[in-house]
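Naming: A, B, ... by sequence-line order, numbering from 1 per chain.
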Number of protein chains: 2
Amino acid sequence: MLTIWLKMKIGKKDKTTEEKILAAAKKIFVQQGMAGARMQDIADEAGINKALLHYYFKNKEQLFEVIFMEAAGRLFPRINEIFLSDQPLFEKIERFCSEYITIVLENPYLPLFVLNEINRDPDYFLGKVWKGKNVPQPEKFLAQIEKEVAKGTIRRISPLNLLMNLISMTIFPFVAKPMFQKNLGLDEWQFRATMEQRKKEIPKFIIDAIKK
Amino acid sequence: MLTIWLKMKIGKKDKTTEEKILAAAKKIFVQQGMAGARMQDIADEAGINKALLHYYFKNKEQLFEVIFMEAAGRLFPRINEIFLSDQPLFEKIERFCSEYITIVLENPYLPLFVLNEINRDPDYFLGKVWKGKNVPQPEKFLAQIEKEVAKGTIRRISPLNLLMNLISMTIFPFVAKPMFQKNLGLDEWQFRATMEQRKKEIPKFIIDAIKK
DNA sequence: CAGCGTTTTAACCAAATGGTCAAAAATATT
DNA sequence: AATATTTTTGACCATTTGGTTAAAACGCTG
């Protein structure tokens, strides 16, 4: 018995019930949002009974919170990294674009999902995300930009605007993915390819804009 | 009686019931989304009975569609304009940023609302938006960029990427408004001021990036 | 003011939905 | 093999929710 269990675990042949639930919940919640998601649909997607769902997770809210935090936990710390790290400005920008796009390409619908739920109750959700330490500290990054401006290495630009530009260009195409795809006629593969390009194009664009 | 009615109409002292419903529905739908909105809440917000709501609008879906189309109708045609107009590239970019931000500042939550519902069923909603003519034709704009590149007036850049950058920087701050506000510590007034700035800053940024 | 169409309401209804429970099935322990 | 423990299920419940209905209130016209 032990051997079989180990074999499964190692080979990852089968998901445990809890894993099945989490995968199903993620799919349904991300697609439908908290309000639109139905516990029955999650149960169906996981191939189990609705009662079993409540056996593993007390209620919809608790299940949702697990999914939301997992999603938010992938997106927010990365943004904070660019605030905190010690690299030179241009390197930071390059690293952020490249790493962020890589992550989100694996789950293109996470940003819209997270932003949407945050919009419903900003204080509650952002409170959860940044609970305890780990609060965002943009000061360092903004100061770094000002310093470069003062040094004369880059053009005069409002640090806040530069930060917004960086984040906007990186994330928005995912938020508007269906719109861009439909209106610009991009299939799945072309969209991916475009975003791969942008890992380099965005930093180039920004640096061209601010470098003296 | 006639005089009084005219007075109300002219002075817009009182909203008609239908107007009250539409205003209430917009507020609730934009805040909660189609799935999260409750007909009872809309009725309450409008200060009327739920039955009266159904007297004016057959069902939730129909009411939602009116609100959605009104919202989408404000956002999408503007994007299409930059594709179709005949101005020089830089002017187009400046006009787009300025006009778009002006419009959205009046309804900061519309973009997230629209993008979110589109995400739920892209073909259905985008079909509605671009029904009949009025289909988006980015070709002209993209061709214009390529032409400028060929002429040598701007740097070599993928037209698609430039278009995405323009739209992203203009719209995303609204989509992520609560996040930016909370994480960057901007109050309502500061956010507005920042977006006002960006009407000029974004075009400047783009032109600096691509001008030779 | 009587009569007629329109607007508004309170009371209901049926379906959907989140959640529970006791029993069965599977698994682990002795 | 017998027993205890955990996992899974079908049936059920209470509440919420979109939607209906019949009657009342309103406003106008002859």
Side-chain angles (χ1 to χ4, degrees), chain A residues 1-10 13-68 117 120-121 124, chain B residues 1-10 13-68 117 120-121 124:
Chain A
M1 269 305 153
L2 181 64
T3 51
I4 288 171
W5 182 79
L6 268 178
K7 195 177 164 188
M8 297 200 305
K9 260 302 198 189
I10 290 166
K13 296 274 178 196
D14 270 335
K15 282 192 208 168
T16 155
T17 301
E18 193 173 339
E19 287 170 338
K20 279 193 284 184
I21 291 176
L22 287 172
K26 180 177 171 181
K27 180 175 171 184
I28 301 293
F29 275 133
V30 168
Q31 209 167 68
Q32 310 284 342
M34 163 68 168
R38 296 291 101 105
M39 291 300 265
Q40 187 61 59
D41 294 342
I42 295 174
D44 291 348
E45 179 73 31
I48 59 165
N49 194 293
K50 202 177 52 166
L52 191 54
L53 199 55
H54 283 90
Y55 175 76
Y56 280 90
F57 296 91
K58 262 209 313 288
N59 54 38
K60 192 180 173 181
E61 219 178 291
Q62 198 218 315
L63 178 55
F64 175 81
E65 218 173 275
V66 173
I67 300 297
F68 175 84
E117 302 297 335
R120 267 183 30 221
D121 192 341
Y124 177 72
Chain B
M1 270 305 151
L2 182 63
T3 51
I4 288 170
W5 183 80
L6 270 176
K7 197 176 164 190
M8 296 200 306
K9 259 303 200 189
I10 291 166
K13 296 274 179 195
D14 270 335
K15 282 193 209 167
T16 156
T17 301
E18 193 172 339
E19 288 169 337
K20 278 193 284 184
I21 291 176
L22 286 171
K26 180 177 169 180
K27 180 175 170 185
I28 301 292
F29 274 133
V30 168
Q31 208 169 69
Q32 311 284 343
M34 164 66 170
R38 296 291 103 105
M39 291 299 266
Q40 186 61 59
D41 294 343
I42 294 174
D44 290 349
E45 179 73 31
I48 60 165
N49 194 293
K50 201 177 53 167
L52 191 54
L53 199 55
H54 283 90
Y55 176 75
Y56 281 89
F57 297 90
K58 262 209 312 290
N59 53 39
K60 192 180 174 183
E61 221 179 289
Q62 199 218 315
L63 177 56
F64 175 81
E65 219 173 275
V66 172
I67 300 298
F68 175 84
E117 302 297 335
R120 266 184 31 222
D121 192 341
Y124 177 73

Task: Which atom of B:Gly36 lies closest to which atom of A:Ala35, heavy atoms considered - done: CA-CB, 3.4 Å
- [ ] Looking only at non-hydrogen atoms, find the nearest pair between A:Ile48 and A:Leu53 and report the distance.
- [x]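 So the minimum-distance heavy-atom pair works out to CD1-N, 4.0 Å.
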Task: Members of residues 24-32 of chain B that approach DNA chain D, where some heavy atom sits under 4.0 Å away - done: none
TODO: Taking only heavy atoms on the protein side, list every residue of residues 39-52 of chain A lying under 4.0 Å from any atom of DNA chain C, sorted numerically.
DONE: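 A:Met39, A:Lys50, A:Ala51, in order of number.
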Test item: [X] and [Y] side chains (from C-beta on) under 4.5 Å apart, heavy atoms:
X	Y	value
A:Gln40	A:Asp44	yes
B:Met39	B:His54	yes
A:Glu19	A:Leu22	no
B:Phe29	B:Ile42	yes

Could you please name the option among [options] that lies closest to any side-chain atom of [X]?
X	options	answer
B:Tyr55	D:dT17, D:dT6, C:dT6	C:dT6
A:Lys60	D:dG18, C:dT7, C:dG18	C:dG18
A:Tyr56	C:dG18, D:dG19, D:dT8	D:dT8

Open item on the list: Check this one for me: any side-chain N or O of B:Arg38 less than 4.0 Å away from OP1 or OP2 of D:dT16?
Closed with: no
Open item on the list: I want to check one thing: is the phosphate of C:dT8, taken as OP1 and OP2, less than 4.0 Å away from some side-chain N or O of B:Thr17?
Closed with: yes
Could you check how far [atom1] of [X] sits from [atom2] of [N], rounded to whole Å?
X	N	atom1	atom2	answer
A:His54	C:dG19	NE2	C1'	5 Å
A:Phe57	D:dT7	CZ	P	13 Å
B:Asn59	C:dA15	CG	P	17 Å

Open item on the list: To the closest 0.5 Å, what do you measure between NZ (A:Lys20) and OH (A:Tyr56)?
Closed with: 9.0 Å
Task: Under 3.5 Å: donor-acceptor pair, side chain of B:Lys15, backbone of B:Ile21 - done: no
Task: A:Met34 backbone acceptor or donor facing A:Glu117 side chain under 3.5 Å - done: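 Checked: pair present.
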